[in-house]
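So that the names make sense, note that chain A is the first sequence line, chain B the second, and so on, each numbered from 1. As a basis for the values below, the full set of heavy atoms in this structure was taken, side chains included, without hydrogen atoms, waters or symmetry mates.
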There are 2 protein chains.
Amino acid sequence: MEQETHLTESQPASPGTLRPGGRTAKVRRAVLDATQDALADTGFHALNMDRIAATAGVGKTTVYRRWGSPVGLVTDLLHDMAEQSLPASDTGSLAGDLRTNAELVRATLTDARMGAVFRAVIAAAACDEDCARALADFYRTRLGEWAPVVAKGEARGEIPAGTDPTELLRAVSAPLYYRFAVTREEVTADVAERAVTAALAAARDGVFIRA
Amino acid sequence: MEQETHLTESQPASPGTLRPGGRTAKVRRAVLDATQDALADTGFHALNMDRIAATAGVGKTTVYRRWGSPVGLVTDLLHDMAEQSLPASDTGSLAGDLRTNAELVRATLTDARMGAVFRAVIAAAACDEDCARALADFYRTRLGEWAPVVAKGEARGEIPAGTDPTELLRAVSAPLYYRFAVTREEVTADVAERAVTAALAAARDGVFIRA
DNA sequence: ATCTTAACGGAACCAGCCTCCCATTAAGGA
DNA sequence: TCCTTAATGGGAGGCTGGTTCCGTTAAGAT
């Protein structure tokens with residue numbers, strides 16, 4: 001993505017950075033929307049720069065210049081998704097908050113559109129290092145947003161002091177994503193509920209105490 | 001993969017089934033080996049039928065005819081991997097067996113060659129339904145092989161009666177695969193150990209009792 | 001308002017992937 | 001052993017996806 005570390009010849013450093021105003025932003029929005037549509041529709045393997053350009057109503061040269069390849073599109077989409085993340089819940093109990101979290105994850109993965117997008121993103125990350133980094137960042141952000149929920153639970157004495165917040169959150173998400181991406185089993189509400197109960201039981205046993 | 005349900009015109013039903021003898025088998029072996037090499041080397045996105053044919057020392061027409069596409073290759077590789085699965089361990093304690101299992105998974109995912117293969121397989125499954133089914137079958141098989149370990153633990157009274165064996169096993173694997181495929185964090189021995197402890201704590205609490 | 005030039009867009013060009021055709025090889029049965 | 005035909009293999013040709021060229025549009029500065 002980033003290049004031209006020392007731009008001696010006044011080379012344009014990655015299009016869109018010097019003049020991010022009106023048109024450029026509009027183009028990005030249109031392209032990313034088209035990308036999401038395409039992923040939801042036909043999946044990552046069928047992601048095609050030409051089609052994206054056409055449905056976005058944008059010159060295909062622009063798409064190639066700014067994103068370079070299908071993985072480039074997905075990577076940028078991921079950055080975009082990381083920016084617009086929603087805040088965590090606050091039900092008053094850790095169990096309740098975690099349940100909300102798990103249900104949110106489940107709803108996302110189960111949703112036809114979002115499920116397809118996440119599938120595509122995971123596939124793209126498996127193919128490309130840049131994309132993998134973007135995906136890692138995305139989840140670092142997401143986990144960071146929910147960490148306070150665990151801290152509050154700890155303050156209320158619902159789990160032992162010293163519990164690693166993100167570790168507990170990972171334990172909640174893991175069974176859902178595992179089924180979604182790896183074993184391809186259905187992610188039911190039951191699964192989500194059990195993930196919360198199991199993670200909480202382990203947390204109370206002090207399994208997630210920071211080393 | 002399978003087609004020609006009613007072969008009225010004596011169409012050859014998927015090449016390799018009527019004459020699976022010497023040459024055909026040799027070709028399959030060579031192609032699957034080449035596929036694994038390629039995946040370990042350059043990953044799924046760069047998987048190229050022509051190159052596979054060349055390195056396998058096989059006509060490229062053959063590769064296209066029998067496997068059709070990169071996902072087809074990965075799907076068959078997966079079937080091949082499912083066939084040659086190794087038996088579960090028996091250390092005498094459930095904790096020990098689960099630890100062995102987790103360590104085995106970790107070693108596989110961490111191994112440069114096998115890690116790349118699994119990454120590719122997950123990516124391919126995200127792109128193609130046939131491949132997804134093959135992947136699901138693979139894990140169904142694997143989980144089935146380890147289920148007795150849990151049953152024995154239950155018999156020894158290490159976990160409550162009625163515990164769902166595969167559910168417990170999934171809980172052990174999930175955190176490892178979640179990091180490997182989704183958040184792309186490093187899968188350390190520490191992570192594996194914690195996965196076992198957490199799963200076991202939940203199991204003892206009766207979280208995985210069959211509904 | 002005017003100017004500079006970043007960014008976009010159309011179209012021709014190039015290359016690598018896939019398909020088809022037909023000759024060749026060797027399984028499996030008599 | 002011989003015969004039938006499943007399966008393989010080389011090569012030509014077409015198509016689709018990706019690249020390059022250059023003219024056009026409009027963002028941001030004066």
* To do: Round to a whole Å and report the spacing from CD1 of A:Ile52 to C1' of C:dG9.
  => 17 Å

* **Row check, A:Phe44 ring normal vs A:Arg119 NZ/CZ: under 6.0 Å, within 45°** => no

* If you check the B:Thr24 side chain, which of D:dA7, C:dC8, D:dG9 turns out closest? -> D:dA7

* Is any side-chain N or O of A:Arg51 closer than 4.0 Å to OP1 or OP2 of D:dT16? -> no

* Asked: Rounded to the nearest Å, what distance is computed from the NE2 atom of residue B:His45 to the C1' atom of nucleotide D:dG18?
  -> 16 Å

* When you check the phosphate oxygens OP1 and OP2 of D:dG18, does a side-chain N or O of A:Tyr64 lie under 4.0 Å from one of them? -> yes

* **Short side-chain N/O contact from B:Asn48 to OP1 or OP2 of C:dG16, under 4.0 Å** => no

* Can you tell me how far C1' of D:dT19 sits from NZ of A:Lys60, to the nearest Å? -> 8 Å

* Asked: Between D:dT8 atom C1' and B:Arg29 atom CZ, what is the distance in whole Å?
  -> 19 Å

* Please work out whether the ring planes of B:Tyr177 and A:Tyr178 are parallel, tilted or perpendicular, with thresholds of 30° and 60°. => tilted

* **Protein-nucleotide distance (B:Arg66, atom CZ; D:dA6, atom C1'), rounded to Å** => 11 Å

* Asked: Roughly how many Å is it from CG in A:Asp50 to P in C:dG10, rounded to a whole number?
  -> 12 Å

* Asked: What are the two closest heavy atoms between A:Ala199 and A:Ala171, and how far apart are they?
  -> CB-CB, 3.9 Å

* Asked: Would you say a side-chain N or O of B:Thr61 is under 4.0 Å from OP1 or OP2 of D:dG9?
  -> no

* For A:Arg179 and A:Glu186, run salt bridge (Lys or Arg N to Asp or Glu O under 4.0 Å): C-alpha distance rounded to whole Å, both residues' side-chain angles, the deciding distance at 0.1 Å, then the answer. => CA-CA 7 Å; A:Arg179 283 176 172 79; A:Glu186 211 192 336; over 6 Å; no

* **Pair B:Asp97-B:Lys152, salt bridge (Lys or Arg N to Asp or Glu O under 4.0 Å): steps then yes or no** => CA-CA 10 Å; B:Asp97 287 343; B:Lys152 278 186 284 182; 5.4 Å; no

* Whole Å only: how far is the NZ atom of B:Lys26 from the P atom of C:dT25? -> 17 Å

* **Nucleotide D:dT19, atom P - distance to CH2 of A:Trp67 in whole Å** => 15 Å

* To do: Return no unless some side-chain N or O of B:Arg65 is found under 4.0 Å from OP1 or OP2 of D:dG9.
  => no

